[in-house]
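Here is the structure we will look at, set down as structure tokens.
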Amino acid sequence: MASRKKVLLKVIILGDSGVGKTSLMNQYVNKRFSTQYKATIGADFLTRELVVDDRVVTMQLWDTAGQERFQSLGVAFYRGADCCVLVYDVNSSKSFEALDGWRDEFLVQASPHDPENFPFVVLGNKIDMEESKRMVSQKRAMTWCQAKGNIPYFETSAKEAINVEQAFQTIAKNALAQEAETELYADYPDPIRIDSESSQNYGCSC
Amino acid sequence: MFEGFSPSRSRSPSAPLLTLQGAFAGTRSPGTRKGKEKALNTDLVEGVEGEMVTTSDDARKGLRELVRRSTMGGQRPLLRGDESRAVSIEDRAYTPRRYYILTNAGKPVFSSHSDTEEDISNLMAVAQALISIFAEDDDRLRSIRRGDKRIVFLLKAPLYMVCVSDWGEPENVLRVQLDYIYLQVLSVATSTQLARAFQRRSNFDPTRLLEGTDQFLHNLIARSQHDFSYLTSTLQPLRMAPALREAAAAALMPPSRIQDLLYVLLVAGGRIVTLLRPRKHAVHPSDLHLLLNMLDTSKTLRSSEAWVPICLPKFNPAGFVHAYVDFPLPDVGLLFVSADREAFDVLRAWKKVVVEKLQMDDTLGKIRDSIPYHEYSISALGCPGLRHFIYKSRQLVQITMPEWEESYEPDGPDRKRIITTYQCLHDAVHARSGQSTPLKLVYTRSDQEACLAWFTKPFEMYLTVPPHLPKSVVVSVANAVFKWVQAEEGKLFLKDAPVF
């Protein structure tokens, strides 16, 4: 391939087991939904291209296992993420209450250079279920998101494909906004002296 | 280090002749091996799924075990032990190898193949996830075997290099290639630049920084797979009359007023005619390969005067030197490498003087006329049975080899098989794949041919003969090659190049 001129965004999806992380990703990338539940083992990966403000963006989605036994994938796994998507099930208070933990886990492991402004997006999934089952109100969710630095919030249904496109569009947009030009060329390396003793150290025996 | 470039070098010692008596004790032909390597099942993602649930409750531990199991067992050198490969070397498919570069965040940087963006992105994410599982334990993933495929990783954070191959070569061969790829990247973006960029942002995407390097990488990858001077970290200079080489070197001696020169090179037909360096600096063949690859890849450089910043990582991975490039004739070029960023005008002026000197007695024209005579046929040795050989002078850190016979088509399976066999032999005589002791002499035979590797202090030799040639004849062939190279040494190798 030619060197990518496009931007690639690494997006990590976190949340409790069964909230629909894989389903959201599948709906977004493959436009498919399956009612069968299959736990993600460790991690899964999908990629989709999209256009944000006239820029072609490749979104590399890192779907993770929500089950506790697969948690803590480690520093190296989260390294260099451009955006983190926190998913919960609006019909499960427990999955909502776990968001704090997921967010902290991510910040500790990924240690982004500017944690205050790191782009998160929260998705409240499974809004297609009947209203009586709903456990977390929109207001409660939005209050939490506001308290955590105005995290964008979407209510989605992976099953009915509600808000999925919009949510991921925002994810890409916010991740992209963080992507600043790094002024590499301003780095003028120290001049090299051919005669200097130090350059001798690089001599090898090959 | 190129000890041979030092004028004080002693005469090349005459190597003891190879005798059949005892020579083949302890060597073994792979044709007789039995048994199958354990079946391995690491289909990166699917395999993981099937195994993990039963092996461990911990994702990382389970994955690690799985990968580790597949990694073991694949490390046996071709020429030892009773365990054989699943597929013998003569039946291999030789699928084009795939090479990738990714960041330590799993972002793709380069791919040798034009797969879809999606495929590459997914694959790089999987690669990074696998690497990260081991990294958590301060361990480093080196390679994965899956069936005939070998996936080799070279971890040079913040970049990772990966190669996928089914050629059956030793792991070290791929590691050397990946290292060249890494050095090629460093030649454009120094290790300091990369480290700083990733320190600032771990999600840094270096593709823009490396824009325009694709062609250099593709060219380097193509060469490093078949050019033995890459694997052996040697040079193969232009074969030419020694007196002409000396005349060129004399013209290239820099005046003392020019400071900070690292290399002065004359190349013809993409090969080194002569090379001058400061007395106290060693020559690093891999740095020279980067310079030659640069000239080979870029038509622009060969067609107009240029001043190119380049990092020569073996010399100094932290900064750039500058190369003045000019081709007085279409295929004959001068290359002056300087540490002084401002030296363009000085070097340009000196180049005119050099070219004038080279035009006296038409040295330049004679060099150009030598290019077509670089290649020599195996028949030049007058040695019946000999099909091909590679001779490495360990003292001069240079190699010579004849052109391939017609039956070994470029990119054909026959040539690939012999190159891979040579690589296996090279590995065996250098004990690069975990053998306890290096071998001095290795003989291997297939239905198509027999190959011999002979390792001595002053030289290494790899040769190919018909499969049913008696071993006593193989021995005499090896001795004949040695004698021929000794006699031709002055033409084949760059000896006693001046220093300044």
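Note on naming: letters A, B, ... go to the chains in the order of the sequence lines (proteins, then strands), and numbering restarts at 1 for each one.
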Verdict with reasoning, B:E117 to A:T47, per side-chain contact (heavy atoms from CB on, under 4.5 Å): CA-CA 8 Å; B:E117 199 102 343; A:T47 299; 5.7 Å; no

Evaluation steps, side-chain contact (heavy atoms from CB on, under 4.5 Å), between B:Q128 and A:W62: CA-CA 11 Å; B:Q128 151 62 4; A:W62 293 53; 3.3 Å; yes

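Residues meeting the side chain to side chain contact (heavy atoms under 4.5 Å, CB included) test with A:N150, sequence neighbours left out: A:Q146. Every residue two or more places apart in sequence or in another chain was checked for a side-chain hydrogen bond (donor to acceptor under 3.5 Å, both in side chains) with B:E118, and none qualifies.
Note that the CZ atom of B:R201 and the CG atom of A:D82 stand 7.5 Å from one another [nearest 0.5 Å]. A:R79 contributes atom CZ, which lies 10.0 Å from atom CZ of B:F198 (distance to the nearest 0.5 angstrom).
If you measure heavy-atom distances from B:A125 to chain A, the contacts under 4.5 Å come from both the backbone and the side chain.
At distances below 3.5 Å, at least one donor-acceptor pair connects side-chain atoms of B:K107 with backbone N or O atoms of A:L8. Side chain of A:K10 to backbone of B:A105: a donor-acceptor contact under 3.5 angstrom is found.
For NZ of A:K94, the number of neighbouring non-hydrogen atoms (other residues, nucleotides, ligands) closer than 6.0 Å is 12 at most. In this structure, A:R140 places its CZ atom where more than 12 heavy-atom neighbours from other residues, nucleotides or ligands lie under 6.0 Å away.
With contacts defined as side-chain heavy-atom distances shorter than 4.5 Å, the pair B:S121/A:M59 does not qualify.
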